[in-house]
Visitor: 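Pasting a structure here, questions to come.
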Amino acid sequence: MRWERGHVTEAFTPDFYLPDLNLYVELTTLKSSLTAEKNRKMRLLKELYPEVNVIMLKKRDYLRLLAKYGYGPLSPDQVPDIDRVLITATKLQQRVGELGAQISRDYAGKEPVLIGVLRGVICFISDLMRHISVPSAVDLMAISSYEGNGAGAVRILKDIDENIKGRDVLLVEDIVDTGMTLNHVIDYLQTKRPASIRVCTLLDKRARRIVNVPLDYVAFEIPDEFVVGYGLDFHQRFRNLPFIAVLKHELLP
Ligand code: 5GP
């Protein structure tokens, strides 16, 4: 940025160049009081080379990006109710891709009907179906959760629209906890006499299982903690987080 008698006396080398965006990125995690020199260089750079796209990300911006894409540590002022990220967005996408490929191999020559149980499953089923290469149908059902002791059956709030008689059903679940919901849903779908029912779940909280339901595909086994994100809620919040996180214990009843 400065020369003296043909020699460069001041230069600026941003940390990254993003070719797709034609953008240079300068990352600074210093305290803002220590960035005066960098700010001066950024100003000079923009003056001398107005055609160069360059952005400076400060610590706050950097933490916000980490949180947005599910890499810890979350800065507490962004999602204060979250204790920690359990499964990052990248890990979710990678594992869902693997499951989709495995399901496609297992169902080669068949035409499965994917049935998702609303609402927690929305992110998982919509990502999973895009990794399934065999022809397949998708349907959704909604149920009310069982009451207290688990003795009462689930109530169907929205039934499936597809006729599944004689067809291969792949039931897609967000999380299997005690297993009671899944058990009831399988019993209900069996009355429609499909050729087969297999179960694919995003999360398996095996430690809490009461009813032993066979799971054919499990993306992640998780410990006994209440999780949110990637479709899963707590009082309808957090479904929009692109990662799975553990909710702070003190928020739970
Ligand atoms: P189960 O009948 O297996 O005990 O419970 C399954 C249902 O309970 C799930 O479909 C989900 O709605 C809810 N659930 C169980 N554990 C969790 C959790 O850790 N987080 C959230 N958000 N929901 C859960």
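Everything quoted here is computed from the prediction, not taken from an experiment. Heads up: numbering here begins at 1 and tracks the sequence. Both backbone and side-chain heavy atoms feed into the values below; hydrogens, waters and symmetry mates do not. Each ligand, and each atom within it, is numbered from 1 in the order the structure gives.
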Visitor: Under 3.5 Å, is there a donor-acceptor pair between the side chain of H184 and the main chain of M180?
Guide: yes

Visitor: Quick one: does L182 get within less than 4.0 Å of ligand 1, heavy atoms only?
Guide: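 False for this residue.
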
Visitor: Is the contact between R208 and ligand 1 made by the side chain, the backbone, both, or neither, using heavy atoms and a 4.0 Å cut-off?
Guide: neither

Visitor: Without swapping roles, check the side chain of R167 against the backbone of N163 for a donor-acceptor pair under 3.5 Å.
Guide: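 It does hold such a pair.
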
Visitor: Distance-only, no hydrogens or angles: does the R95 side chain make a donor-acceptor pair with backbone N or O of V218 under 3.5 Å?
Guide: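 The answer is yes, because a donor-acceptor pair under 3.5 Å joins these two groups.
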
Visitor: Distance under 4.0 Å to a non-hydrogen atom of D174: what atoms of ligand 1 satisfy this?
Guide: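 Under 4.0 Å from D174, ligand 1 has these atoms: 9 (C), 10 (O).
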
Visitor: How about F226 and F234: are their ring centroids closer than 6.0 Å?
Guide: yes

Visitor: Which atoms of ligand 1 sit under 4.0 Å from any heavy atom of T181?
Guide: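 Here the atoms of ligand 1 in question are 1 (P), 2 (O), 5 (O), 6 (C).
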
Visitor: Of the side chain and backbone of V117, name the one, both, or neither that has a heavy atom under 4.0 Å from an atom of ligand 1.
Guide: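 Within the 4.0 Å criterion, V117 makes no contact with ligand 1.
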
Visitor: Can you check which of V121, I244, V227, L252 brings a heavy atom nearest to atom 20 (N) of ligand 1?
Guide: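 Considering heavy atoms of V121, I244, V227, L252, the nearest to atom 20 (N) of ligand 1 sits in V227.
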
Visitor: Please could you name the atoms of ligand 1 that T178 approaches to less than 4.0 Å, counting only its heavy atoms?
Guide: 1 (P), 2 (O), 3 (O), 4 (O)

Visitor: Identify the residue among K248, R84, R208 that makes a salt bridge (charged side-chain N to carboxylate O under 4.0 Å, His left out) with E225.
Guide: R84

Visitor: Looking at ligand 1, is there an atom of it that comes within less than 4.0 Å of some heavy atom belonging to F226?
Guide: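 Within the 4.0 Å threshold, so yes.
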
Visitor: Using a strict 4.0 Å cut-off to heavy atoms of E225, name the atoms of ligand 1 that fall inside it.
Guide: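 The atoms of ligand 1 under 4.0 Å from a heavy atom of E225 are 19 (O).
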
Visitor: Would you call D204 and R209 a salt bridge, using N to O less than 4.0 angstrom?
Guide: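 Salt bridge flag = yes for R209 with D204.
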
Visitor: Measure from the side-chain N and O atoms of K192 to the backbone N and O of G166, and report whether any donor-acceptor pair falls under 3.5 Å.
Guide: no

Visitor: May I ask you to list the atoms of ligand 1 that are less than 4.0 angstrom from any heavy atom of G179?
Guide: 1 (P), 3 (O), 4 (O)

Visitor: Out of the candidates N22, L18, L21, only one should pair with N53 under the side-chain contact (heavy atoms from CB on, under 4.5 Å) rule; please name it.
Guide: N22

Visitor: Near K205, which atoms of ligand 1 are under 4.0 Å from a heavy atom of that residue?
Guide: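 Listed by number with element, the hits are 16 (N), 17 (C), 18 (C), 19 (O).
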
